[in-house]
Every structure is written in C-alpha cells, then in structure tokens.
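First the structure, in the form of structure tokens, and then the observations on it.
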Amino acid sequence: NVLLMRKCEIEDCEYPVFGKNRCKKHYPKSNINKVTERGLAKKAEKKERTEKLIQFYLDLWDERADKNGNVNCFESDTLLSHTIYKNNICCYSHQISKKTRPDLATNKENLLIVHPDIHSQWEADPKSCPKMYRYTEKLKEKYNA
C-alpha cells in the first residue's frame, strides 16, 4: 500500500502539504507581528507615560537630595550617590503598586528612594524591610489600599 502525499499548490513546488494546500515554505505567515494604528498609538502613550514617570523620579531625587545631590536609602540609611543611583530606576520603590493604584503612581508620598538591593529584598519579602513595611502599612491605611 503506497501512501500518496499531496503536493504544495504553488507551481513547481514538490514539497508535501503542511496546511491550507501549501508546504511549510509557502504556508501563509500569521499576522502576529502586524502593526496597527491602534497598537502604535498605545505604544506612543506608554512611552509618554514612562518618560513622565522617569522625570517624576528625577525631580523627586532632586527634592530629597542633600547639598551634594545625594540621597540616603530610606530603609538602610546608606548614602546613595547621585552619580551612581539617581538614574537607576531600581532605586525608586512604589509602596502601593502602580498596577493596584495607578492614581498613586506619581504621588510623592507613595515613592521611597532605596538601594537597588533593598528594593529587590522588599519585592521578595516586604517584612524583611521593617521601616518600609511600617511606612507602607500606614500609607495603605491612609489611602484605603
């Protein structure tokens, strides 16, 4: 018993059919990477929001900085040099998440400046950062979060 394989419908193609009467080489590509006007608009909006948020971070740093432009980590009180940490977004910790409460994303009270290692520790286990934990509990109470 010989198994008959259908050939690709594209002229002069000898490969077997993969789907839709075509071989893998000629199979229609999906629209997964198709760029739409709506998609471009959403991307532009997100970029604008991100740029505003970063500027908010930098302004907050300047507001909280000492005369040399440095800030102390809220949790550890370690001095954070502006030359190393100011532009590192890992130093800016939203206590009530932006996802949960987008209205508090640019609330100065909701943002603490901390060492990146402390921020990682906070994300993994909030109770391991007692000062931040107490502060956040008070903030949640204030904003019903």
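Hydrogens, waters and symmetry mates are skipped; everything else that's a heavy atom, side chains included, is used.
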Original post:
Can you tell if the side chain of F56 reaches within under 4.5 Å of the side chain of D59, non-hydrogen atoms only?
Top reply: no
Original post:
Is there a donor in the side chain of D117 and an acceptor in the side chain of Q121, or the other way round, less than 3.5 Å apart?
Top reply: no
Original post:
What do you reckon, is CD of E141 surrounded by more than 12 foreign heavy atoms closer than 6.0 Å?
Top reply: no
Subject >> Plane angle bin for Y92 and Y57 - parallel if under 30°, tilted between 30 and 60°, otherwise perpendicular >> reply: parallel
Original post:
Going by distance alone, is a donor N or O of one side chain under 3.5 Å from an acceptor N or O of the other, for Q95 and S93?
Top reply: yes
Original post:
Which pairs, with at least one residue in residues 67-80 and sequence neighbours excluded, count as a salt bridge (Lys or Arg N to Asp or Glu O under 4.0 Å)?
Top reply: none
Subject >> Salt-bridge contact E109-K142 (side-chain N to carboxylate O under 4.0 Å) >> reply: yes
Subject >> Side-chain heavy atoms of K46 within contact of K42, under 4.5 Å >> reply: no
Original post:
Can you tell me if K7 uses its side chain to pair, donor with acceptor, with the backbone of C13 under 3.5 Å?
Top reply: no
Original post:
What do the steps show when you test R22 against I10 for side-chain contact (heavy atoms from CB on, under 4.5 Å), and what is the final call?
Top reply: CA-CA 7 Å; R22 294 189 180 186; I10 302 299; 3.9 Å; yes
Original post:
Should I54 and L80 be regarded as members of a common hydrophobic cluster, given that ILVMFWY residues are connected when their side-chain heavy atoms come within less than 4.5 Å of each other, either directly or indirectly?
Top reply: yes
Original post:
Do K86 and D62 touch side chain to side chain, with heavy atoms closer than 4.5 Å?
Top reply: yes
Original post:
Cationic tip of K25 within the cone over Y15's six-membered ring, i.e. under 6.0 Å and within 45° of the normal?
Top reply: no
Subject >> Reported CD1-to-CG distance for the pair I89 and L58, which is rounded to 0.5 angstrom >> reply: 10.5 Å
**OP:** Could you pull out the closest heavy-atom pair between P116 and N88, with the gap in Å?
**Re:** CG-ND2, 3.6 Å
**OP:** Flag yes if more than 12 heavy atoms outside I84 fall under 6.0 Å of its CD1 atom; otherwise flag no.
**Re:** yes
Original post:
N87 versus W61: any side-chain heavy-atom pair under 4.5 Å?
Top reply: no
Original post:
Between Y85 and H115, does the ring centre distance come in under 6.0 Å?
Top reply: yes
Original post:
With distance as the sole test, does S76 use its side chain to make a donor-acceptor pair with the main-chain N or O of C73 at under 3.5 Å?
Top reply: no
Subject >> Derivation and outcome, side-chain contact (heavy atoms from CB on, under 4.5 Å), residues R49 and E45 >> reply: CA-CA 6 Å; R49 276 193 319 273; E45 286 172 21; 4.0 Å; yes
**OP:** Could you tell me whether the side chain of N110 reaches within less than 4.5 Å of the side chain of K98, counting heavy atoms only?
**Re:** no
Subject >> Cluster overlap L53 with I113, hydrophobic side-chain contacts below 4.5 Å >> reply: yes
Subject >> Nearest atoms (heavy-atom pairs only) where C23 meets C8 >> reply: N-SG, 3.4 Å
Original post:
Are V71 and M132 in one and the same hydrophobic cluster, where Ile, Leu, Val, Met, Phe, Trp and Tyr link if side-chain heavy atoms are under 4.5 Å apart?
Top reply: no
Subject >> Any side-chain heavy-atom pair of W122 and P126 under 4.5 Å >> reply: yes
Original post:
Could you state the interatomic distance from CD1 (I118) to CG (L112), rounded to the nearest 0.5 Å?
Top reply: 11.5 Å
Original post:
Can you find a pair of side-chain heavy atoms, one from N72 and one from D66, that are under 4.5 Å apart?
Top reply: no
Original post:
Same cluster or not: are L111 and Y135 linked, directly or through other Ile, Leu, Val, Met, Phe, Trp or Tyr residues, by side-chain heavy atoms under 4.5 angstrom apart?
Top reply: no
Original post:
Quick one: are T83 and N70 in side-chain contact, heavy atoms under 4.5 Å?
Top reply: no
**OP:** State yes or no: do L60 and V114 share one hydrophobic cluster built from I, L, V, M, F, W and Y residues joined by side-chain heavy-atom distances below 4.5 Å, directly or via other members?
**Re:** no
Original post:
Is it the case that N107 and Y143 place a side-chain donor and acceptor less than 3.5 Å from each other?
Top reply: yes
Subject >> Under-4.0 Å salt bridge between R101 and D103 >> reply: yes
**OP:** Specify the closest pair of heavy atoms between K108 and R64, including all atoms of both residues, with the distance to one decimal.
**Re:** O-NH2, 2.7 Å
Subject >> salt bridge (charged side-chain N to carboxylate O under 4.0 Å, His left out) between E9 and K20, intermediate numbers included >> reply: CA-CA 9 Å; E9 69 179 15; K20 298 187 180 181; over 6 Å; no
